[in-house]
Participant: 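I have a structure I would like to understand better, so I am pasting it below and will then ask my questions one at a time.
No hydrogens, no waters, no symmetry mates; every other heavy atom, side chains included, goes into these values. Keep in mind that this is a model prediction, so the values were computed, not measured.
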Amino acid sequence: MPKDNRILILIGAAAAVLIAIIIGLLLSGGRDEGPAEPPPAAQGGLTVAVADAPGLDSTRELRCYVDGQFVGMATLTDCARRNGLATDALDVGVDATGALVAAPTASLTPPPALPPVELTDNSTGAAPIDSTQPAQPSTQPASTGGQCLRYTGSDWRVVSSGGSLNQCVQELYAGTCVRPGEALYGRWGETTLRLVPRRVEQSPDNNRFRTLADQDRSCQFPGLR
């Protein structure tokens with residue numbers, strides 16, 4: 001076979017291979033190379049932990065407390081019935097052993113007695129007046145805040161003086177969370193403060209409490225500034 005013919009055959013074969021490769025690339029370009037990446041929710045971004053919302057499973061049993069006493073395992077609905085409350089009136093969460101617990105708010109830690117007057121009086125720290133000197137107008141601005149107190153479990157302790165209600169809450173409870181049925185108490189002026197799961201409450205009479213601020217999963221109060 002002449003040499004020129006062999007060269008032409010080689011060139012033709014190479015061209016055919018090149019064309020086949022190009023056609024294959026074009027055909028594969030419109031196909032899916034694999035399953036599409038699942039949305040964030042399917043990857044766990046929106047999964048719900050049963051421990052965070054045990055009410056999703058109405059048949060799951062929890063450790064139930066009535067009047068501060070453990071009464072056995074019960075569903076959330078049954079535990080609420082035993083307490084004479086609606087299910088949303090129970091604090092639900094995980095105790096120190098990792099078990100799910102349902103208990104009425106602060107049922108394990110009722111409000112303590114009010115602090116002595118000498119602790120709540122914001123003027124007790126003022127310097128005594130020398131009666132031998134003529135009275136002078138005060139140059140100290142009047143304090144607009146109240147005494148911030150913490151209940152330790154046996155007595156009341158002064159945390160700060162003259163701050164706002166929000167400042168007192170942050171000083172008492174920022175970074176602290178409690179378990180279902182438990183509570184931590186404080187005072188700001190004449191207002192009783194109570195930290196319970198997921199929120200801090202306030203009461204003007206040490207008896208009837210209402211929500212002051214919600215607490216996030218980091219035990220902080222983003223709504224208080």
Side-chain angles (χ1 to χ4, degrees), residues 39-113 149-154 159 165-166 168-188 191-225:
Q43 299 180 31
L46 296 179
T47 55
V48 178
V50 177
D52 293 334
L56 294 177
D57 185 355
S58 60
T59 63
R60 182 164 186 173
E61 292 189 332
L62 313 88
R63 291 174 59 85
C64 179
Y65 285 81
V66 177
D67 294 329
Q69 301 295 321
F70 175 59
V71 295
M73 304 297 290
T75 63
L76 183 62
T77 301
D78 187 34
C79 187
R81 180 185 57 78
R82 296 186 189 185
N83 281 282
L85 301 170
T87 55
D88 58 3
L90 296 180
D91 289 334
V92 180
V94 181
D95 66 9
T97 67
L100 284 174
V101 176
T105 299
S107 60
L108 306 183
T109 319
L149 308 177
R150 183 196 312 275
Y151 185 67
T152 65
S154 58
V159 175
L165 173 60
N166 290 357
C168 183
V169 170
Q170 297 282 17
E171 292 174 348
L172 289 174
Y173 305 130
T176 301
C177 288
V178 296
R179 300 186 185 279
E182 297 178 352
L184 293 177
Y185 291 91
R187 289 277 291 185
W188 180 77
T191 300
T192 299
L193 302 173
R194 180 171 76 177
L195 178 68
V196 295
R198 298 181 295 280
R199 65 191 183 279
V200 63
E201 300 175 330
Q202 61 180 341
S203 171
D205 59 7
N206 205 42
N207 182 30
R208 294 168 298 176
F209 288 83
R210 62 183 178 87
T211 299
L212 171 62
D214 293 323
Q215 190 178 45
D216 63 19
R217 292 179 180 270
S218 301
C219 305
Q220 302 296 330
F221 303 92
L224 296 181
R225 294 290 184 266

Participant: How many angstroms lie between atom CG of D205 and atom OG1 of T191, to the nearest 0.5 angstrom?
Facilitator: 10.0 Å
Participant: To check you understand the geometry: which heavy-atom pair defines the closest contact between P197 and R179, and what is its length?
Facilitator: CG-O, 3.5 Å
Participant: Could you tell me whether the side chain of R198 and the main chain of D214 form a donor-acceptor pair under 3.5 Å?
Facilitator: no
Participant: Which distance, rounded to the nearest 0.5 Å, do you find between the SG of C177 and the CD of Q220?
Facilitator: 8.5 Å
Participant: Go through the steps to decide whether L62 and C79 satisfy the test side-chain contact (heavy atoms from CB on, under 4.5 Å), and finish with yes or no.
Facilitator: CA-CA 8 Å; L62 313 88; C79 187; over 6 Å; no
Participant: In the structure I gave you, are the side-chain heavy atoms of E201 and R210 within less than 4.5 Å of one another anywhere?
Facilitator: no
Participant: Applying side-chain contact (heavy atoms from CB on, under 4.5 Å), run through L165 and L212 and close with a yes or a no.
Facilitator: CA-CA 10 Å; L165 173 60; L212 171 62; 4.1 Å; yes
Participant: In Å and rounded to the nearest 0.5 Å, what is the OH to OG1 distance from Y185 to T109?
Facilitator: 6.5 Å
Participant: Would you find a donor on one side and an acceptor on the other, under 3.5 Å apart, between the side chain of Q215 and the backbone of T176?
Facilitator: yes
Participant: For the residue pair A106 and A183, what are the closest heavy atoms and their distance?
Facilitator: CB-CB, 3.8 Å
Participant: For the CG atom of L149 and the CH2 atom of W188, what is their distance to the nearest 0.5 Å?
Facilitator: 12.0 Å
Participant: At what distance, to the nearest 0.5 angstrom, does CG of L195 lie from CG of L184?
Facilitator: 5.5 Å
Participant: After noting the C-alpha distance and the side-chain angles of R187 and V159, does the key distance pass the side-chain contact (heavy atoms from CB on, under 4.5 Å) rule?
Facilitator: CA-CA 10 Å; R187 289 277 291 185; V159 175; over 6 Å; no
Participant: How many angstroms lie between CZ in R194 and OG1 in T211, if you round to the nearest 0.5 Å?
Facilitator: 9.5 Å
Participant: Hey, mind stepping through V92 and T87 against side-chain contact (heavy atoms from CB on, under 4.5 Å) and telling me if it holds?
Facilitator: CA-CA 10 Å; V92 180; T87 55; over 6 Å; no
Participant: Does Y151 reach the main-chain N or O of P111 with its side chain, forming a donor-acceptor pair under 3.5 Å?
Facilitator: no
Participant: Using modelled atom types and a 3.5 Å cut-off, is there a donor and acceptor pairing between side-chain atoms of N83 and backbone atoms of Y65?
Facilitator: yes
Participant: Give a yes or no answer on whether the side chain of R208 reaches the backbone of N206 with a donor-acceptor pair at less than 3.5 Å.
Facilitator: no
Participant: Can you name the closest pair of heavy atoms from A213 and F221 and give their distance?
Facilitator: CB-CD2, 4.2 Å
Participant: Would a distance-only check, ignoring hydrogens and angles, find a side-chain to backbone donor-acceptor pair under 3.5 Å from R150 to L172?
Facilitator: yes
Participant: Of all heavy-atom pairs between Y173 and G186, which one has the smallest distance, and what is that distance?
Facilitator: OH-N, 3.1 Å
Participant: Would you check if C64 and D78 make a side-chain contact, meaning some heavy-atom pair closer than 4.5 Å?
Facilitator: no
